[in-house]
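Since the structure comes first, as structure tokens, the remarks are kept for the end.
Values reported hereafter were calculated over all heavy atoms of this structure, with side chains retained and with hydrogens, waters and symmetry mates removed.
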Amino acid sequence: GKGGFALATAMKHPDVCYVAVEKDESVILAAIEKAAETGVKNLFFLCTDVLLIKNYFAEGEADRMYINFCDPWSKRDKPKRRLTYRDYLEMYKLLLKDEGQIHFKTDDRRLFDFSLEEFAACHFSLHNTTFDLHNSKWDQDNIRTEFEQKFAGRGAAIHRTEAHKEKRVLIHEN
């Protein structure tokens, strides 16, 4: 997006390194300019398609990923393009550390229901799930995105979950 969420998150946690990914050059430029105005030092930007993020991160390098208000690709022939489709989730899983997390928010209930099923199919455990974030206990620490403010302003409920990668257990035989 335009960087509001990434910037606010980076400013709230200055000891954490954040990387925002956006493929639209004009959108990421706006985010970069916004970040440059603040002088924030822990936020970086990648102008790339999310399919290519495996070229930028090593396996097990990421602690957390945020997927906020992605395109729902609502047409029947397009679910494989959703950023929460299982092929994407398996790629994210490789980049996440053991017990790493994906935080997902959307206003689209069909996308949210689909995503919950995909997370489960990929063996993520779901935590802190709500179908109405702004009227839940999790809203207190919620940093709102530009889309989130827009949709909530129109009366849409915001759905949210945390998908945790299961810790790998190595079994050694003697």
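Relative orientation of the Y18 and Y66 rings is tilted, given thresholds of 30° and 60° on the angle between their planes.
In this structure, E25 CD and I32 CD1 are separated by 10.0 Å, a value rounded to the nearest 0.5 Å. Between E59 atom CD and L94 atom CG the span is 5.0 Å, to the nearest 0.5 Å. R64 CZ to T9 OG1: the interatomic distance, rounded to the nearest 0.5 Å, is 9.5 Å. For the atom pair K34 NZ and L29 CG, the distance stands at 11.5 Å (nearest 0.5 Å).
Formation of a donor-acceptor pair under 3.5 Å by the D139 side chain with backbone atoms of N142 is not found in this model. D49 places no side-chain N or O within donor-acceptor distance of the main-chain N or O of L52, the cut-off being under 3.5 Å. A donor-acceptor contact shorter than 3.5 Å links the side chain of E118 to the backbone of R86. Within the 3.5 Å criterion, the main-chain N or O of L96 finds a donor-acceptor partner in the side chain of K165. No donor-acceptor pair under 3.5 Å is formed between the side chain of K80 and the backbone N or O of Y85.
The pair K2-E146 does not meet the salt-bridge criterion, since no charged nitrogen lies less than 4.0 angstrom from a carboxylate oxygen. Under the 4.0 Å criterion applied to side-chain N and carboxylate O atoms, D107 and K150 are not assigned as salt-bridge partners.
In terms of hydrophobic clustering, with Ile, Leu, Val, Met, Phe, Trp and Tyr side chains grouped at heavy-atom distances under 4.5 Å, F131 and I158 are assigned to different clusters.
A donor and an acceptor atom, one from each side chain of H103 and Q101, are located under 3.5 Å apart.
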Given C70 and R82, is the side chain to side chain contact (heavy atoms under 4.5 Å, CB included) satisfied, shown in steps?
-> CA-CA 8 Å; C70 59; R82 293 176 173 164; 5.9 Å; no
Side chain to side chain contact (heavy atoms under 4.5 Å, CB included) between K97 and E61: does it pass, once the steps are laid out?
-> CA-CA 6 Å; K97 293 180 177 177; E61 186 174 4; 5.9 Å; no
Using the side chain to side chain contact (heavy atoms under 4.5 Å, CB included) rule, take L83 and S115 through it: C-alpha gap first, then chi angles, then the decisive distance, then the call.
-> CA-CA 9 Å; L83 296 183; S115 300; over 6 Å; no
Determine, stepwise, if the pair H127 / S125 fulfils side-chain hydrogen bond (donor to acceptor under 3.5 Å, both in side chains).
-> CA-CA 7 Å; H127 302 267; S125 58; 3.0 Å; yes
Carefully, step by step, assess I143 and K12 under the rule side chain to side chain contact (heavy atoms under 4.5 Å, CB included).
-> CA-CA 10 Å; I143 296 173; K12 185 175 180 179; 3.9 Å; yes
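Across Y88 and L51, no two heavy atoms sit closer than the pair CE2-CD2, 3.5 Å.
At least one test fails for K105 against the ring of F69: distance under 6.0 Å to the centre or angle within 45° of the axis. Cation-pi geometry between R160 and F104 is not met at under 6.0 angstrom from the ring centre and within 45 degrees of the axis. With W73 as the aromatic partner, R81 meets the cation-pi criteria of under 6.0 angstrom to the ring centre and within 45 degrees of the ring axis.
Within 6.0 Å of NZ in K23 there are 12 or fewer heavy atoms belonging to other residues, nucleotides or ligands.
Between I102 and E162 there is no side-chain heavy-atom pair separated by less than 4.5 Å.
Each of F124, F114, F112, Y92 was scored for a ring-ring contact (aromatic ring centres under 6.0 Å, His included) with F119, with one residue passing: F124. For the side-chain hydrogen bond (donor to acceptor under 3.5 Å, both in side chains) test with T161, the passing option among T106, T129, T130 is T129; the others fail.
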Tell me which donor-acceptor pairs under 3.5 Å the side chains of residues 37-48 have, and how far apart each pair is, sequence neighbours excluded?
residue, atom, partner, partner atom, Å
T38, OG1, A35, O, 2.8
T38, OG1, V40, N, 3.2
N42, ND2, A10, O, 3.0
N42, ND2, H13, O, 3.0
N42, ND2, V16, O, 2.8

